[in-house]
Protein chains: 4
Amino acid sequence: MKIGIIGLGRMGGNISRRLMRAGHETVVYDRNPDAIAALVGDGAIAASSLEDMKGKLDSPAIFWVMLPAGDPTEQTIASIAALSGDGDIVIDGGNSFYKDDIRRAKDLAEKKIRYVDVGTSGGVWGLERGFCMMVGGDKDAVSHIDPILAALAPGIGTIPRTPNRMANEGEDARAEQGYIHAGPAGAGHFVKMVHNGIEYGLMQAYAEGFDILKSKASERLPEDQRFDLNLTDIAEVWRRGSVISSWLLDLSAAALAKDMALEQFSGNVADSGEGQWTIDAAMEEAVPVNVLSAALFARYRSRVDHTFGDKLLSAMRYGFGGHVEIPQ
Amino acid sequence: MKIGIIGLGRMGGNISRRLMRAGHETVVYDRNPDAIAALVGDGAIAASSLEDMKGKLDSPAIFWVMLPAGDPTEQTIASIAALSGDGDIVIDGGNSFYKDDIRRAKDLAEKKIRYVDVGTSGGVWGLERGFCMMVGGDKDAVSHIDPILAALAPGIGTIPRTPNRMANEGEDARAEQGYIHAGPAGAGHFVKMVHNGIEYGLMQAYAEGFDILKSKASERLPEDQRFDLNLTDIAEVWRRGSVISSWLLDLSAAALAKDMALEQFSGNVADSGEGQWTIDAAMEEAVPVNVLSAALFARYRSRVDHTFGDKLLSAMRYGFGGHVEIPQ
Amino acid sequence: MKIGIIGLGRMGGNISRRLMRAGHETVVYDRNPDAIAALVGDGAIAASSLEDMKGKLDSPAIFWVMLPAGDPTEQTIASIAALSGDGDIVIDGGNSFYKDDIRRAKDLAEKKIRYVDVGTSGGVWGLERGFCMMVGGDKDAVSHIDPILAALAPGIGTIPRTPNRMANEGEDARAEQGYIHAGPAGAGHFVKMVHNGIEYGLMQAYAEGFDILKSKASERLPEDQRFDLNLTDIAEVWRRGSVISSWLLDLSAAALAKDMALEQFSGNVADSGEGQWTIDAAMEEAVPVNVLSAALFARYRSRVDHTFGDKLLSAMRYGFGGHVEIPQ
Amino acid sequence: MKIGIIGLGRMGGNISRRLMRAGHETVVYDRNPDAIAALVGDGAIAASSLEDMKGKLDSPAIFWVMLPAGDPTEQTIASIAALSGDGDIVIDGGNSFYKDDIRRAKDLAEKKIRYVDVGTSGGVWGLERGFCMMVGGDKDAVSHIDPILAALAPGIGTIPRTPNRMANEGEDARAEQGYIHAGPAGAGHFVKMVHNGIEYGLMQAYAEGFDILKSKASERLPEDQRFDLNLTDIAEVWRRGSVISSWLLDLSAAALAKDMALEQFSGNVADSGEGQWTIDAAMEEAVPVNVLSAALFARYRSRVDHTFGDKLLSAMRYGFGGHVEIPQ
């Protein structure tokens, strides 16, 4: 198939490359001409504008928008909408908020444009490993782009099959290939959002565990209670037959093997919006999520030296006990 | 009555003073001769050693130990035990771990020494305001020292009476005076321990709330979403008729009135052992305590720049997404 | 002054009564004629409709809307706006979301109507104790209704003054009377929202602490580790001189004095929207709020027998360990 | 080699079988004669008592104790110690508390018995998949039993190697085979304990995430905000190329494929002691662990209908607001 790709960053560029390797044609656009040139070198067709892209695509035209969530995505989709019409398909492959998808799908439907939201996991590894995709939107549109999705997905590969798969009605055979049609517009990004919420929780569980291991050498402990543990070996051994083996553990093991002190990392941890949206969704549903929220808040906390709250605690302690807490 | 007081720090000194004001005699000892001299200036009888103290007390002798929990308290009680016998009373008024009380009471009982644990709240304000006391131990011993406890307690004062008090069997009339006999040895410090666990939770609730108020002026927010709130006024107004009025809020209001930025406080917040013991007790009982534990952990977190876990999070993010997190 | 009050539930009715006691006139309206009649019996002027109310008020007219947040408040304010104009004042005394205030104030300003949001704490006790009020909106409008606010507020009463009050520039003298002008439209409800978020945290801290005390009698513990504690006495003694004395503790002591087992209460705990909004605000500001969120989530959890997540945990345990978890 | 195995439950039985498959001889004992008979059928040598076992082993004798932590393990090790001496090796392969290991190793060393603690992960899958082992104790003893450990471990298998492994000094080549010598006595169980603490956190992260997905169909939400998601498909697709793929997710996918409603599971989730010990260790080190503790507390909460704390919340709400919370 032929597909237009807007946004040629790490993710967009690799999506284009993986599609071309599978024999698809990609028409590519980015604000940055160098990014376009790099893809053209790999076999893509350059577009000088969205209008130019539209002219170079088949009918119905398929656009894959791969831009930061918020204004960049919003404005680009509006521009594409202005150029498009009957049966054209707009895919948002970024990390949009799923309520924006619901709104956009409704708006675009009035112009007979079909909107598909694709939550995409796989990061920098997607080119080789394939992308795991959670898709929301109109059923016909999702079927139409199936060759694209199938090419981007990892496929069944060497991962063992789950027993009883496809024994129940309503299951999606594509799941074993690494993508699903999760539901109507917004469902793809909703599932991806929760995926990221879980990701935060998993990461923080490992982070706390390794912190306990490392601090077991702390001088705070009596000397005969200390262990000087090799975290690199521990991460490695857990990859092999333990209950907590995972891809995130593989990454941890690799980072620790490179430098067990992780000195190159500042410890100021960013969060994309999805952790926050996951907590919002949980609250709308009245679902208790102490782990997912604690994981998000640990990141907020990592980015400040002291909260104002910490100072207020000290002030209260001084007030009732005369405790004076001076800088360490 | 006549009572020996060992340990003349802030708490022990004020206990001696409040007892003398009520007409009791105190025989006082401290490692530091200046501390003894100061109390003698206020009317106390000096003891040059525990042995000397014992000689200056009536029979049965009453010892009030007011020292840091752990070794200092443990060793002093052992020394007193070596000097004491039939019917003498040893009071631990500090913050001992309640399981140590259970053990000590059993050991001392073999020598007919009666052990009483008194969890004492009131801090530097106790001299004027009176001390709130939670008492564990032998019933007769607790009755014997009632004049001491009654003198230290705040008394009914101006605090309104709770409706229905004393309508039920088994209630302790002393509660309205500000002290109770909570149960056998250890019960006093157990109740005080949970008191401190709750205290951590209350403090952190205010801390987080004021943090949200202060950060409402943050540049992270869109300009039309910011409020520049006067925290001093807010703390004050909440003292008056709101659901969250409390003594800790009074202290917060006083600290904020002195300096709304709380600049003199570093934000490194200490914890005594009791928050930790409270979580231990909850786990032994399988009681979920997300608030009390979060309050304790916030203090741990306040004392380090970055956890090792923060760095591991950054390392994983780099691993799957190529995200680079550099120092602020 | 003369003021119209719309919504004569527990809060609205008591506000009307407290104002009349202070010599103000209230024109009252409610969907339920009985509620109107009850207030008329206390001296209020009945209004048969909003239009009728408007006719019975002076100019500028002052409307106090005391209705559930969301549609009831929204629609009533829209109706008032249709009747009102130059200089009239609309007060939302309910629990509206502060972003709704910002929007409404902007909309009403186009018609020269002045909008004031009043976060009101005090519950069923407000009639006697006075209401603690956090006010947002136009400065002139807030000044105009000052006699109303002053009459509703508790006043300085017997609560001790905070040292250093009014020593700093910019402080609001009204705080000591029990109300403040917190900032522009929305600021009143924002401060009240955080107040409620803190309230949840404080309540959960006590709840967890009393749970630990009660479960200390649990058969899960070895017999010599159990204490059968009198919670009624403990709540009472903490009211007197302890660090954790508060109004919420007073209420706890009263409830426990009535029935130490609290058997009349189901334990399904509701939450109004404000706990959730507080977490939302914290996330917008990137403030870590583990205590406030845990308090909210404990309420969600209290309302279901088992989460689906609990079942998934059991399913995983069965998967890796063959553990079978059957109903208790 | 020849090894005695005491405790032929799921774990002990499979350890014996896996060792025999690798050509080792096992002498087996269990309180239950049927368990012995079953192993003998698979080629093991029966022991009628610990004394009998000792007689059938080589010198130094090697004992692998695979019993529940606490009294059963403690008493069995004492009995073995009474029979053993110079150079004999006692392995505790169960889930003992690491401080018990430190104590036992010291005690046994006085009799020249060498103590090794082996934290063992792998559950019911270990027979086929191999066991991941974290070993603590005397270096010579650990070297002596290396053939045993190597046979039990999964080996390098098909799991990709971690880049940079063995590039740093001090790394343990055995980690890639699935076992490590973590440190002195206790270090093995300490690392296994933290492993289980992390396991709880990971499981709860998935549990909360799937709860949000399932509750997205809740009638609490406005109808146009609901998605009826297929959790079976979602678990499956996340196994394939997503950031959160893991063995626990594989197990979740298998459970959901069998029954998406998980109806056979009650949702009362047990915890072994290790989650609790992990929190204890964290507190001793002053490491904040909001995620690991929340995961543990969710299990406590899953086992009661209502906490007493829930009722106290209702009682306070009734006290300040007149809110009546009746059973759902």
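We name chains A, B, ... by the order of the sequence lines, and we start the count at 1 in each one.
- The greatest number of non-hydrogen atom pairs below 4.5 Å with chain C, out of D:Ala270, D:Gly319, D:Ser252, is found for D:Ala270.
- Scanning both residues, D:Ser314 and C:Val269, for their nearest heavy atoms gives OG-CG2, 3.8 Å.
- Residue D:Trp125 qualifies as open at atom CH2: its count of foreign heavy atoms under 6.0 Å is 12 or below.
- The greatest number of non-hydrogen atom pairs below 4.5 Å with chain D, out of C:Asp259, C:Leu248, C:Ile212, is found for C:Leu248.
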*So D:Arg317 and C:Arg299, side chain to side chain contact (heavy atoms under 4.5 Å, CB included) or not? Walk me through it.*
CA-CA 12 Å; D:Arg317 296 190 83 229; C:Arg299 296 190 177 194; 3.7 Å; yes
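- For the options D:Glu199, D:Lys258, D:Met11, heavy-atom pairs under 4.5 Å to chain C are most numerous at D:Glu199.
- The candidate with the highest count of non-hydrogen atom pairs below 4.5 Å against chain D, out of C:Phe320, C:Phe210, C:Tyr206, C:Tyr318, is C:Phe320.
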*When you look at C:Leu312 and D:Met203, which way does the side chain to side chain contact (heavy atoms under 4.5 Å, CB included) test go after all the steps?*
CA-CA 8 Å; C:Leu312 186 65; D:Met203 288 171 73; over 6 Å; no
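- Both the backbone and the side chain of C:Gln204 come within contact range of chain D, judged by heavy atoms closer than 4.5 Å.
- Shown here for C:Ala298 and D:Asp310, the closest heavy-atom pair between the two residues is O-OD1, 4.3 Å.
- For C:Ala261, the part lying under 4.5 angstrom from a heavy atom of chain D is the backbone only.
- C:Ala207 touches chain D through backbone and side chain together, each having a heavy atom under 4.5 Å away.
- Looking at every heavy atom in both residues, D:Met316 comes nearest to C:Leu251 through O-CD1, 4.1 Å.
- In this structure, chain D has no heavy atom under 4.5 Å from any part of C:Phe297.
- Looking at C:Ala254, neither its backbone nor its side chain comes within 4.5 Å of chain D, counting heavy atoms on both sides.
- Contact annotation for C:Leu256: only side-chain heavy atoms (C-beta onward) come within less than 4.5 Å of a heavy atom of chain D.
- Other residues, nucleotides and ligands contribute more than 12 heavy atoms inside 6.0 Å of the CZ atom of C:Phe227.
- Comparing C:Glu208, C:Glu263, C:Arg301 by heavy-atom pairs within less than 4.5 Å of chain D, the highest count is held by C:Arg301.
- Taking all atoms of both residues into account, the shortest heavy-atom contact from C:Thr307 to D:Asp211 is CB-OD2, 3.1 Å.
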*Evaluate the side chain to side chain contact (heavy atoms under 4.5 Å, CB included) criterion for residues D:Tyr200 and C:Leu313: first the C-alpha distance (whole Å), next the side-chain angles of each, then the deciding distance (0.1 Å), finally the verdict.*
CA-CA 9 Å; D:Tyr200 283 32; C:Leu313 294 176; over 6 Å; no
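- A 6.0 Å sphere centred on CG of C:Asp228 holds no more than 12 heavy atoms belonging to other residues, nucleotides or ligands.
- Taking every heavy atom of both residues into account, D:Leu262 and C:Phe308 meet most closely at CD1-CZ, 3.6 Å.
- Residue D:Leu231 touches chain C through its side chain alone, counting heavy-atom pairs closer than 4.5 Å.
- By the 6.0 Å and 45° rule, C:Lys311 does not stack over the aromatic ring of D:Phe265.
- Taken to the nearest 0.5 Å, the OG atom of C:Ser293 stands 8.5 Å off from the CG atom of D:Asn290.
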